There are 2 protein chains.
Amino acid sequence: MAAALDFQQMLRGAGLRVTRPRMAVLGAVFAHAHAETDSIIGAVRRELPEVSHQAVYDSLHALTAAGLVRRIQPAGSVARYESRVGDNHHHVVCRSCGVIADVDCAVGDAPCLTASDDRGYSIDEAEVIYWGLCPACSAGRAPEHP
Amino acid sequence: MAAALDFQQMLRGAGLRVTRPRMAVLGAVFAHAHAETDSIIGAVRRELPEVSHQAVYDSLHALTAAGLVRRIQPAGSVARYESRVGDNHHHVVCRSCGVIADVDCAVGDAPCLTASDDRGYSIDEAEVIYWGLCPACSAGRAPEHP
DNA sequence: CCGTTTTCTTGAACCTGTCAAGAAAACACT
DNA sequence: AGTGTTTTCTTGACAGGTTCAAGAAAACGG
């Protein structure tokens, strides 16, 4: 777990101003992987009860643009954020309850970055999402999100 | 391009009732690849001016559930639909103008369907989205969607 | 042709997320 | 430290895509 000082350095290193809301948002994203915006707002407010949701949205945008966090949004889901950036991992999403888990890239370092025919696009990222059922849901147990 | 009779058979084959809105929606999805919901509503109304958007949403859900069309929704985009199903192709999305193109799967038939570590999930689909710039946008020309 | 079931119409609501204006805070410089 | 400039946060309203709910209409089986 990264500490307050680390977050501060991360912000400065990315050329961003250090503010309480940003520190709290960064902490929330590191503490809760794949958290949706609403959860992040909740987590931030436990530390700083007065932050506006707008501040959280702005912070998340700034952090995403700076590459400190990554935004993921599987179809049918709201935006989620995670702190693992730059390590080319992918995600498994449960069709039933929506839970997301990380999956390291099957093929190596930057594998999928080449399409068979790139259609003339200049590709800079390959995103892989595996769809299926999480262990709990495939076992027939009640999903987290009924 | 598939004709009305084909659509009718597709619906029946999938155990769905044949209704005018569904026929029109199916036709619209086949005619316009990667069309967003709004465009589909427009296309359907050119044929059946009185359909409600709700009927289109319901039809799209039914067709998607039946596997006749596929719903795709890259992050930051609204829902889009396509008629190529079951052939394991993927998509390139332009970061600038949002245009989507099809890409045949690089590795073969059902390649990416195996994650290095599936985390206990029972995976049934691997979705790959390549992000980059389309030829027009990377050439610096004005994007379609300024 | 009739009854049952599914689907469509109508109209309203919801929920993320964004826009806009001013107040407050952070940083650079002295 | 103090000050000025720039960025960021607060407040409040708003937007667009999608869903919910109730009743009317249409499709299908017999």
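As the structure is a prediction and not an experimental result, all values here were calculated from the model. Proteins come first, then strands; the chains are lettered A, B, ... in the order of their sequence lines, and each starts at number 1.
- The closest side-chain donor-acceptor pair between B:His34 and B:Asp102 falls under 3.5 angstrom.
- Distance A:Leu11 CG to C:dA26 P: 12 Å, rounded to the nearest Å.
- Few gaps surround CZ on B:Arg84; more than 12 heavy atoms of other groups in view lie less than 6.0 Å from it.
- A salt bridge is defined here as a Lys NZ or Arg NE, NH1 or NH2 lying under 4.0 Å from an Asp or Glu carboxylate O, and B:Asp58 with B:Arg22 fails to meet this definition.
- Among the protein residues, A:Ser52 comes within range of the nucleic acid bases, having at least one heavy atom under 4.0 Å from a base atom.
- Look at A:Glu50 and A:Arg20 and you find no salt bridge, because none of the NZ, NE, NH1 or NH2 atoms lies under 4.0 Å from a carboxylate O.
- Here the closest non-hydrogen pair linking B:Val85 and B:Gly67 is CG2-O, 3.6 Å.
- Annotation: proximity of residues 36-43 of chain A to DNA chain D (heavy atom, distance under 4.0 Å) is found for no residue.
- One side chain, A:Glu82 or A:His89, offers a donor N or O that lies under 3.5 Å from an acceptor on the other.
- Between the CZ atom of A:Arg12 and the C1' atom of C:dC27 there is a distance of 9 Å, rounded to whole Å.
- If you measure from atom CG of A:Leu60 to atom P of C:dT18, you get 10 Å, rounded to the nearest angstrom.
- The 5' end of DNA chain C is approached more closely, in terms of each residue's nearest nucleotide, by B:Arg17 than by the other of B:Glu50 and B:Arg17.
- Between B:Gln73 and A:Ala55, it is A:Ala55 whose nearest contact on DNA chain D lies nearer the 5' terminus.
- The residue B:Arg20 sits apart from the nucleic acid: no heavy atom pair falls under 4.0 Å.
- With a heavy-atom cut-off of 4.0 Å to chain A, the contacted part of DNA chain D has its first and last nucleotide at D:dT6 to D:dT11.
- Residue contacts shown for B:Ala79 are limited to sugar-phosphate atoms, with no base heavy atom under 4.0 Å away.
- Straight-line distance from the OH atom of A:Tyr57 to the C1' atom of C:dA20: 17 Å, rounded to whole Å.
- Between A:Gln73 and A:Ala79 the shortest heavy-atom distance is NE2-N, 3.8 Å.
- Nearest heavy-atom pair, A:Pro135 versus B:Gly120, reported as atom, atom and distance to 0.1 Å: CG-O, 3.5 Å.
- At whole-Å resolution of the value, CD in B:Gln54 and P in C:dC14 are 16 Å apart.
- Map B:Arg71 and A:Arg22 each onto its nearest nucleotide of DNA chain D; the residue landing nearer the 5' end is A:Arg22.
- Salt-bridge check for A:Asp124 with B:Arg95: passed, with a basic side-chain N closer than 4.0 Å to an acidic carboxylate O.
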